[in-house]
**Q** 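Before I ask anything, here is the structure I am working with.
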Amino acid sequence: MKLAERLLLENKAWAAEKVQDDPGFFSRLEKIQQPEFLWIGCSDSRVPANQITGTLPGELFVHRNVANLVVNTDVNLLAVLDYAVNHLKVKDVIVCGHYGCGGVKAATTNHDYKLVLNMWLRNIKDVYRLHRAELDAIQEEEKRVDRLVELNVMEQLRNLAKTSIIQRAWKEDNRPHLHGWVYRLNDGLIKPLLDIEAGIYEDSVYRYDDL
């Protein structure tokens, strides 16, 4: 059996189980999408948003990329953010990284990962540069990478606060609140790192005063 065919069989089994447990599950899901959360997470296959938060389909609006970055030129991310904030009216946006992140670890090396990955990992290297003194003082490589994972999440959360999308929603509707989390692969638990309440600007240079 081809690998993809196995996934199709698993899908049929999953759908049948859902209907058996709750005959109206799919009919309800089909008619409405009102998630209260936008989840910006890593593409890593070990960090599935719904499973680790115990949420059902329809409860999280999800965007994932390598190392959970919020890049101000990433049209994909900004389109998701715009739709979630302005159309779905989410109340909270979560950036969730994870310890043992391969993208973050790759960014700590001087290896050439070729065109696209080099450009993407540059964003994490910039986070390293901002916190070089703290990170260089950590002798153990694993602990240094884990701390960079945390710092990266917090910087991406601040990047959200810099966007006009978020600032306009703050001004008009006093939402969403922003949360930076990190997930531990070794025990399945989430560690909160940073919260930014709606309307809190950390640096005036990024503030839009004519929204």
Side-chain angles (χ1 to χ4, degrees), residues 7-8 10-98 153-184 188-202 208 211:
L7 295 182
L8 292 173
E10 293 289 349
N11 166 253
K12 290 180 180 179
W14 173 78
E17 183 179 356
K18 282 293 182 184
V19 171
Q20 182 177 3
D21 293 342
D22 180 0
F25 178 80
F26 289 109
S27 60
R28 290 196 308 274
L29 198 64
E30 180 185 25
K31 290 180 175 63
I32 193 167
Q33 178 181 211
Q34 289 184 325
E36 295 186 340
F37 306 94
L38 168 61
W39 174 281
I40 300 173
C42 184
S43 298
D44 193 300
S45 61
R46 300 169 294 176
V47 193
N50 285 105
Q51 285 91 328
I52 69 173
T53 57
T55 52
L56 295 172
E59 294 183 332
L60 292 180
F61 197 62
V62 177
H63 174 83
R64 296 170 71 176
N65 61 48
V66 174
N68 42 271
L69 298 186
V70 177
V71 181
N72 72 327
T73 54
D74 182 356
V75 178
N76 187 353
L77 178 280
L78 293 175
V80 170
L81 181 65
D82 188 6
Y83 187 75
V85 171
N86 293 318
H87 297 276
L88 296 176
K89 307 292 185 183
V90 297
K91 297 180 177 65
D92 296 85
V93 180
I94 298 159
V95 176
C96 186
H98 66 97
V153 166
M154 291 187 282
E155 289 299 332
Q156 304 317 311
L157 203 70
R158 295 184 180 106
N159 286 344
L160 279 175
K162 296 171 186 176
T163 67
S164 60
I165 296 170
I166 291 294
Q167 290 186 27
R168 185 174 289 108
W170 281 352
K171 180 179 180 181
E172 296 176 354
D173 209 14
N174 196 38
R175 63 163 184 86
H177 304 299
L178 310 180
H179 311 279
W181 296 349
V182 62
Y183 174 71
R184 292 196 296 256
L189 297 178
I190 294 172
K191 174 184 176 181
L193 298 172
L194 175 65
D195 295 309
I196 300 178
E197 294 298 314
I200 302 299
Y201 301 89
E202 293 196 336
Y208 294 92
L211 294 170

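Residue numbers run from 1 in the order of the sequence given.
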**Q** Rounded to the nearest 0.5 Å, what's the gap from NZ on K191 to NE2 on H98? Could you check?
**A** 15.5 Å
**Q** With heavy-atom distances below 4.5 Å as the criterion, would you say the side chains of V71 and L77 are in contact?
**A** no
**Q** Taking atom CG of L178 and atom CD1 of I200, what is their separation to the nearest 0.5 Å?
**A** 10.5 Å
**Q** Roughly how far, to the nearest 0.5 Å, is CZ of R175 from CD1 of I166?
**A** 8.5 Å
**Q** What I'd like to find out is whether the side chain of L69 reaches to under 4.5 Å of the side chain of D74, using heavy atoms alone.
**A** no
**Q** Taking all non-hydrogen atoms of both residues, which atom of L29 and which atom of P57 are closest, and how far apart?
**A** CD1-O, 3.2 Å
**Q** Where is the tightest heavy-atom contact between F26 and K18, given as atom of each residue plus distance?
**A** CE1-CB, 3.8 Å
**Q** For H179 and W181, take the angle between the two ring planes, folded into 0 to 90°, and tell me which bin it lands in: parallel under 30, tilted 30 to 60, perpendicular over 60.
**A** tilted
**Q** Of all heavy-atom pairs between G199 and W170, which one has the smallest distance, and what is that distance?
**A** N-CD2, 3.0 Å
**Q** OG1 of T55 to CG of L60: how many Å apart, nearest 0.5 Å?
**A** 3.5 Å
**Q** Do you know the tightest heavy-atom contact between V85 and A169?
**A** CG1-CB, 3.4 Å
**Q** I would like to know whether I165 and N86 meet side chain to side chain contact (heavy atoms under 4.5 Å, CB included); could you show each step before the answer?
**A** CA-CA 8 Å; I165 296 170; N86 293 318; 4.1 Å; yes
**Q** State, yes or no, whether a side-chain contact exists between K171 and R168 at a heavy-atom distance under 4.5 Å.
**A** no
**Q** Could you check whether any side-chain N or O of D44 sits under 3.5 Å from a backbone N or O of R46, counting only pairs where one atom can act as donor and the other as acceptor?
**A** yes
**Q** Would you mind reporting whether T163 and N72 have side-chain heavy atoms less than 4.5 Å apart?
**A** no
**Q** Would you say the side chain of V153 lies within less than 4.5 Å of the side chain of Y183, judging by non-hydrogen atoms?
**A** no
**Q** Report the distance from atom CG of L157 to atom CG of L193, rounding to the nearest 0.5 Å.
**A** 9.0 Å
**Q** Would you check, one step at a time, whether the test side chain to side chain contact (heavy atoms under 4.5 Å, CB included) holds for Y83 with L88?
**A** CA-CA 6 Å; Y83 187 75; L88 296 176; 3.6 Å; yes
**Q** I need the minimum non-hydrogen distance between P35 and V90, along with the two atoms involved.
**A** O-CG1, 3.6 Å
**Q** Taking all non-hydrogen atoms of both residues into account, name the closest pair between A161 and I196 and its distance.
**A** CB-CD1, 4.5 Å
**Q** Kindly indicate whether the side chain of N68, heavy atoms from C-beta on, has any atom under 4.5 Å from the side chain of C42.
**A** yes
**Q** Do F61 and Q33 have side chains that approach each other closer than 4.5 Å (heavy atoms only, starting at C-beta)?
**A** yes
**Q** Please determine whether side chain to side chain contact (heavy atoms under 4.5 Å, CB included) holds for the pair N76 and H63, giving the CA-CA distance in whole Å, both sets of side-chain angles, and the decisive distance to 0.1 Å.
**A** CA-CA 9 Å; N76 187 353; H63 174 83; 3.8 Å; yes
**Q** More than 12 foreign heavy atoms under 6.0 Å from CD of Q51: is that the case here?
**A** yes
**Q** Quick one: which of K91, K89, E59 gives a side-chain contact (heavy atoms from CB on, under 4.5 Å) with E36?
**A** K91
**Q** Could you go through R28 and D22, starting from their C-alpha distance and side-chain angles, then the distance that decides it, and tell me whether this counts as salt bridge (charged side-chain N to carboxylate O under 4.0 Å, His left out)?
**A** CA-CA 10 Å; R28 290 196 308 274; D22 180 0; 2.5 Å; yes
**Q** Could you walk me through whether L211 and Q167 pass side chain to side chain contact (heavy atoms under 4.5 Å, CB included), step by step?
**A** CA-CA 8 Å; L211 294 170; Q167 290 186 27; 3.6 Å; yes
**Q** Counting C-beta onward and ignoring hydrogens, is there a side-chain heavy-atom pair between T53 and F37 closer than 4.5 Å?
**A** no
